[in-house]
Structures are given as C-alpha cells and as structure tokens.
Amino acid sequence: METAIIPVTPITPTDNNDLVSSEVQPNKRRRKKSIVWDHFTVETVGDGCIRACCNQCKKSFAYITGSKLAGTSHLKRHIALGICPVSRQRNQQASDTKTANATYEPRKRRATPGFANIPFNQERCNHEIAKMIIMHEYPLHIVEHPGFIDFARTLQPQFNMVSFNTIQGDCVAMYLNEKQRLLNFINEIPGRISLTLDLRISNQTVGYVFITGQFIDMEWNLHRCLLNVVMVPSPDSDCALQQAVVSCLSDWHLENRLFTLGLDQSFSNVNINQNLRALFSVRNPYMLHGQFLIGNCFARVISLLAQEALWSVGETVKKIRDSVKFVKTSDTHEETFFGLKEQLKVPSMKDIFIDDQTKWNTTYDMLAAACELKQVFLCLETSIPDYNIAPSMDDWKQIEILCTYLKLFFDAVSILTGPTYPNASAFYHEVSKVQLELTHAAMSNDPFISNLTKPLKEKFDRYWSDCFLVLAIAVVMDPRFKMKLVEFSFSRIYGDDAGMWIKIVDDGIHELYLEYIAQALPPPETFVEERNGSIIPEQNGGVILKTEPPEDGYLHEEGYLQEEQTHEAAPQEVSHHEVAHQEDSHHDVAHREVSDQEVDSQEITHQTEASQEVPSQDPLISIGDGLSDFEVYISEISGSHQMKSELDQYLEESLLPRVQDFDILGWWKLNKTKYPTLSRMASDILSMPFSTVGPDSVFDTERKKMDNYHSSLRPVTLEALICAKDWLQYGGLSQSCDGNVKMEF
C-alpha cells in the first residue's frame, strides 16, 4: 500500500539528506548547514515543486520536485565558480580595491637552477635591444613606445629603459665594432675584391647607393657582404656613382685591389658608364685595361625579359588572372571548381592563386598552375552560368608557350635564390643557355614564337655581347670544362663564326694570365750582379740572376728578364722566351715591351763581343775530363727550350669528371701549390659577381625605394642599421657583447 505525500510549503529548507515528510515533528528538524543558503532563498512555484532563487542574480534553480531532492551541489557551483555574474563583478571590484590599498610584495618564487646567481646586467640588456632593432628593422623610437616599456619592465623590473639617443648610439657602436672586424678580415685576404652598385631613391628624390663587396678568403671561401650605403643628393648626376665608389675604396683601404665593378644599366647612362670605366681603369690598371666593368645586373636583365614577354600577351594573361580571381574570391565558386576537378580526375597537385604583380615569378606560377587545370576552367562555364570570361583554346596554347620561356628565365636566375651565392663559373651555363634558346626560338617557323622571342633576343644580345668574355673566362677556371665548354657552346651559338669568338676568349685569358705573371715578377732592384754570371741565392731564400750588361738586363717597366732563364730558376718565375712566345701569339698584350727580333739581335751582339775577347793563355781548351763543358752545353740548351706556362699546362690536362656537387673552390685550394700564379687569378675570377640585388629582389618588377623612416635618419645611422643587419645575418663577426665603442647623440 503506497503512502500519499501531501505537498507542504516548508518554512525552513533542509540539506540534501533531509527527508521531507508532513509528519516530521518541529523539535526533530535539523538546522540548515550548507553555506548556499546564505545566497539562496527557496520559493514554492507549484504543487510539489520548490526552487532555489539566487539572492544576487535572481536566477532560480531546481531544489524539490515531488519526491525528488535536487541537492545543493549545483547551487554551490553557481556561487563558488563565479557563474553568477553579479557575484563575479562584486568579487572583482573587491579585489581591485584590495590591490590598490595594499603595498606591492613580489611573490617568492623557487629559484630556477642555473639562473639563480646571474646578476642583472643593464649594459647587456641595452646591447640586446640594439641588436633586436638592427636584426628586425624595428624603429629606434620603439624604446619610447609605452607598450614596449611596460613589457620590458614586466620581464625585469630593474631594467631602466634607454632613451632614443642612447639606443641610436648603441646601434652605431655595434656597427663600428663589426666594421672593424670585417676590415681586419678583408685586409688579410690574398686576392682582390669585386664591387656591385645598386641604387635606391627616396620619396624626396635623394639617392642611396648600396655597395656590396665579394671576395674569396685565404681558406677559399666565397664571401658577399654589404660594405657601404652612401647617400647621394643628386642621383641623376654623372659623378654620383663615381663619388660613392671612391668613398668606398678609401673607407675600406681597397685602393689598387679592385677587380671588377658591377652595376645595373637601368639607372646608368653613357656618361656614368664612361666615368666609372675611367675610374676603374685608373684604380685597376692591369686587369684587361678596365674591361671588367660589368654594366648589367643578370637578375635585372632576366626580369625585364620576363616582363616584356608577359606584356606581349597581356590580354591573354589578364583573362587567366580574371578567371583565377573569379574562383578564389568566392567560396561557392571555389567549391564548384574543386568539385569539377575531382569529377574530371585532373592529376595536377597544384592549387591556383592570385599573383603578386610586383614579383614576376608569382605570375609565372599562377599561369603554370592554371595551364595544368585548364580542363576545369573549360568546364566551369557549364556549372556556373555567371562565368563568361573563359579563355579559348588558342589562349591556352599561347599561355603554354609563354610558360615555356618564363620557365627558362626562372631556372636561369634561380641560382641567385639559394642559401649561398654561386661562384662566377656557374653563371656561364645559365647565360649561354638563354642565349642559345632565344637564338633558336627567334628563327622558329611558328609566327607566335618568333614574334614573342625576337624582341627578347635583341635585348639579351646586348647583355651577351657585354659579358660573354668575362663569363667565358670564369667557366675556363672550372677544371670540368676549361676551354672545351666554350668551344662547344660557341659552335652552337655562332655556327661557322665560332672560331673567331673562341680566339677572343683564348687571347683574353692568356693576356690576363700574363698580367698576373707581370705582377709576380720581382722589381729590378732585387737583381744584383755577379762576376761569373751564376745564379746566387738571396738571404730570403730566393734566387738572383746575374745580368750582363746590367743596364740591358731588364725589359722596360715590367721587369722581364732578357737573359735566358735556366732550369734551376724557381718555377713561379717565367723565362723571357716564354713571355716572348706568348706575346707573339697574342699581339694585343698591353705590356709588350721588346720584340723577338730585338732579343735575337742582342743575343748576336753578346756572342760577337764574346768572340772578340782576348783568348786564354792556357795551351789546352779542355778542363779536367773534358765533359764539364758538355754539362754547360746541356744546361744552355735546356734553358733555351720553351717551358709551358701554368695556364697552358692547366688547359692541356684532361677534364675532371662532371659531378653535380663538385667543389670548384676546394679543388683550387688543393692545387694552389701546383698552380701558384694561376690559382691567384682563379681566386679573383671566381669571386666576380654578376648580380647587384639580393635573393629577395631577384624577381622584382619594380625598383626598391627607400622608405620614409630610413630616409629620415642621419646618414651615419642609416648606414649603421642597414650594414650591421647584413653582417649579423651574414654570420655575425662577433657573438659577444663588446662595449669598446660608445656613441651618444
């Protein structure tokens, strides 16, 4: 028999375990114990239904429903966990009031092992802030930003934020320290250094010349680093770049050490080139009479070719770009596009994207991806009625041909985007390949291909004619190719006329080698007389060759010997007969001083004088066993034979196997004792730069400008920030904090 429960309205609530019964006696009812009843009040809302109402937010919760008791756990959570909005707001206000009235006491934290005993160093913090500003190009005014100040003090309350002038001085001091280390390093390199010039202009039409140096150190490592940022008030002046170069040479003590000078033809003119060539010839009188002025940046030339190719089919390219925008700017269109791709089972893994028209490689990537997905674009019109800009099949054919030559350009300049800058020999392969392909394409029977490539070939021909000699000389220094690659590629480029161009390269490299020989020969003052005409050693371990008569013993200016050099001479000293032979085979050598006929006439004169001497009074002409004169005779005829030069010996040796990861600089390092003079020449040649821009600007379609922030800085501060960033990224000549230099502005 079930007992009926009569609903009552309790006056006093019970806890979770209190049994509800109408027969409970008042004297047996327990007192409430839960703290929730300080915040809740019970209310009867109907027959057998009692709810608990929050005194603060007035929200009601289930408490008793019929015979079921909901308990108080959910009521505790409402208050204790801050679920009640009114309670949470009051607690926050109380906490803020307590914090404002209380004295700040930092929490005691457990010391971290290894950091407990490190004292606070204000100078070290200043150094790291300066380094941070340089590395990430933060504005110097960041030290005055309230948010940065609060952040720094939160990390270290003892840190006193530096002022603008102080941090500016710290940045310049770091630059000067790094510059001194780099200067010491450059002074120790055995060879020459090559420079490149790049120009940026600010909105105030002030020019900034970026001068970059490239060289090979004693360990045969290639280095490329920014040396100067020179402000020129009138960048259009014919002497602006010349003044910047002179300033750089003086600043880094590079007088008479300049090897090549590269610049971008787009910001130069005839007068600027003439001034630079004149300066280059004076500063570097030996190196092919100043011919190593590289008047064009390879990356800029390729960028101009790519832009012209895109412009020639601009309407078709615009159709592709608009089609890509139609898909990528709508989620519905993009879902439909990829749904069609799945249905058509197009194997391409590429995704379409909208290009950045300031980077021509992004346009190439967009067109290449669209070509692989052209089937989807062709079917898109049937799925989306609004799509009415679909390219035709002829348009797609033109884009595919365009991508073929854009890929040629992209691959050619990709060597400049790697983690390390390539040596000079690597450029010949890419440049000659572009020249060959454009020459072949310009003669194509396809009118679209020929019309597309003829203007490109005309522009690239000018670059090729200016740089082919320097490029070819560089690749000859690769023991895997030498002159053989030049002969092979020239025969494909020039056809029947290849022999004439090959001879130009052969003559040029021999002339350059003779100039290095002339530098290696000791000056005339180091040779002294000896009565018997024998070779006598100097105190420093060298050799001294007697010359008779002394006033006729040397060639004019260059110090070449007219006497025959014996086989006992040091290998790095070249006999006159070798020099005379090479001068005869290369009629345009700059330092030709004496002809072979003059040498022969002098030798005949010496013999005549010897025959007129008073004969010896000895009755016998033989001495000892009679064979000592034979040894003298063998020595004379051995010395008269022409010895092969290092260059000829190098060229005649067999080619090395062509392996992809061949270390050309490492090979020359191992063979520098075998080719002492030629290795010096190879070191200078292989360090020649053919691009004036950095890896991030290879594909630019617009010239970089100097932003307003940098142009507002003082010239010394601007140069310090930009150069120091390059050096720290380049490797960081100093990893320690060095406070030797202090500057305050």
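Judged by the 6.0 Å distance and 45° axis criteria, Arg200 is positioned over the aromatic ring of Phe210. Both cation-pi conditions hold for Arg224 and Tyr421: the charged atom is under 6.0 angstrom from the six-membered ring centre and inside a 45 degree cone around its axis.
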Ser425 vs Asn423, side chain to side chain donor-acceptor pair (under 3.5 Å): CA-CA, chis, key distance, verdict: CA-CA 6 Å; Ser425 65; Asn423 63 74; 2.4 Å; yes
Audit row: Phe699, Tyr364, ring pair (Phe, Tyr, Trp, His ring centres under 6.0 Å) steps and yes/no: CA-CA 11 Å; Phe699 302 103; Tyr364 160 65; 9.3 Å; no
Working for side chain to side chain contact (heavy atoms under 4.5 Å, CB included), residues Val698 and Asn361: CA-CA 9 Å; Val698 169; Asn361 63 313; over 6 Å; no
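Note that CG of Asp446 is 10.0 Å distant from CG of Leu452, once rounded to the nearest 0.5 Å. Here Phe409 contributes atom CZ and Phe460 contributes atom CZ; the two are 8.0 Å apart, rounded to the nearest 0.5 Å. We find the SG-CE distance between Cys403 and Met366 to be 9.0 Å, quoted to the nearest 0.5 Å. To the nearest 0.5 Å, atom SG of residue Cys467 and atom CD of residue Gln435 are 11.5 Å apart. Leu471 CG to Ser432 OG: the interatomic distance, rounded to the nearest 0.5 Å, is 8.5 Å. His333 NE2 to Asp386 CG: the interatomic distance, rounded to the nearest 0.5 Å, is 6.0 Å.
Taking the side chain as every heavy atom from C-beta outward, Leu651 and Met483 approach each other to under 4.5 Å. At least one side-chain heavy atom of Val327 sits under 4.5 Å from a side-chain heavy atom of Ile352. Looking at heavy atoms from C-beta onward, Val413 lies out of side-chain contact with Thr417 at the 4.5 angstrom threshold. The closest side-chain heavy-atom distance from Phe662 to Leu656 is below 4.5 Å. Residues Thr692 and Leu197 fail the side-chain proximity criterion, which asks for heavy atoms closer than 4.5 Å. Using a 4.5 Å heavy-atom cutoff, the side chains of Lys725 and Leu226 are not in contact. A heavy-atom distance below 4.5 Å is found between the side chains of Asn708 and Gln204. Residues Thr212 and Asp198 are not in side-chain contact: their nearest non-hydrogen atoms beyond the backbone lie 4.5 Å or more apart.
Checked against a 6.0 Å centroid threshold, the rings of Trp501 and Phe490 do not count as neighbours. Here Phe481 and Tyr428 keep their ring centres 6.0 angstrom or further from each other. Separation of the Phe215 and Trp220 ring centroids does not fall under the 6.0 Å cut-off. The ring of Phe427 has its center closer than 6.0 angstrom to the ring center of Phe690.
Judged by distance alone, with hydrogens and angles left aside, the side-chain atoms of Ser687 form a donor-acceptor pair with the main-chain N or O of Asp684 at under 3.5 Å. Between the side chain of Asn221 and the main chain of Asp217, no donor-acceptor pair closer than 3.5 Å is present. Panel note: side chain Ser491, backbone Phe488; a donor-acceptor pair is recorded below 3.5 Å. A donor-acceptor pair under 3.5 Å is absent between the side-chain atoms of Asp506 and the main chain of Ile502, judged by distance alone.
Counting only residues at least two apart or on different chains, the side-chain hydrogen bond (donor to acceptor under 3.5 Å, both in side chains) pairs with a member in residues 404-416 are Lys407-Asp411. Contacts classified as side-chain hydrogen bond (donor to acceptor under 3.5 Å, both in side chains) and involving residues 321-331 (residues at least two apart or in different chains) are given here: Lys318-Asp322, Arg321-Asp355, Ser323-Tyr387, Lys328-Glu334.
Closest heavy-atom contact between Val206 and Val232: CG1-O, 3.9 Å. In terms of heavy-atom proximity, Gly508 sits nearest to Ile473 at C-CD1, 4.3 Å. Closest approach of Leu485 and Val475 over heavy atoms only: CD2-CG2, 3.7 Å. Heavy atoms only, all atoms of each residue included: Glu372 and Ser348 are closest at OE1-OG, 2.6 Å. Counting all heavy atoms, side chain and backbone alike, Pro235 lies closest to Pro233 at CD-O, 3.4 Å. The two residues Tyr650 and Lys482 come nearest to each other via the heavy atoms O-NZ, 2.6 Å.
Tyr138 is linked by a side-chain contact (heavy atoms from CB on, under 4.5 Å) to Met132, Ile133, His136, Ile142, counting only residues two or more places apart in sequence or in another chain. With sequence neighbours excluded, the residues forming a side-chain hydrogen bond (donor to acceptor under 3.5 Å, both in side chains) with Asp707 are His710, listed by chain and number. Listed by chain and number, the residues in a salt bridge (charged side-chain N to carboxylate O under 4.0 Å, His left out) with Glu458 amount to none (sequence neighbours excluded).
Note on Asp351 versus Lys341: no salt bridge recorded, every NZ/NE/NH1/NH2 to OD/OE distance being 4.0 Å or above. Under 4.0 Å is where a charged nitrogen must lie from a carboxylate oxygen, and between Asp478 and Arg658 no such pair does. Comment: Arg462 does not engage Asp466 in a salt bridge, judged by the lack of any side-chain N to carboxylate O separation of less than 4.0 angstrom.
Under a cut-off of 6.0 angstrom, the local environment of CD in Gln375 is sparse, with at most 12 non-hydrogen atoms contributed by other residues, nucleotides or ligands. The environment of Asp496 atom CG is sparse: at most 12 non-hydrogen atoms of other residues, nucleotides or ligands sit within 6.0 angstrom. Around atom CE of Met349, no more than 12 heavy atoms belonging to other residues, nucleotides or ligands sit under 6.0 Å away.
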Identify all side-chain donor-acceptor contacts of residues 303-317 below 3.5 Å with residues at least two apart in sequence or on another chain.
from	atom 1	to	atom 2	distance (Å)
Ser303	OG	Gln307	NE2	3.2
Ser303	OG	Asp700	O	2.7
Gln307	NE2	Ser303	O	3.4
Glu308	OE1	Lys459	NZ	3.0
Ser312	OG	Ala309	O	2.6
Thr316	OG1	Gln398	OE1	3.2

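A donor and an acceptor atom, one from each side chain of Asp356 and Thr358, are located under 3.5 Å apart. A donor and an acceptor atom, one from each side chain of Lys359 and Thr701, are nowhere located under 3.5 Å apart. Side-chain polar atoms of Asn228 and Glu719 form a donor-acceptor pair below 3.5 angstrom. Judged purely by distance below 3.5 Å, without hydrogens or angles, the side chains of Ser392 and Asp394 never pair a donor atom with an acceptor atom. For Ser194 and Thr260, the side-chain atoms include at least one donor-acceptor pair closer than 3.5 Å.
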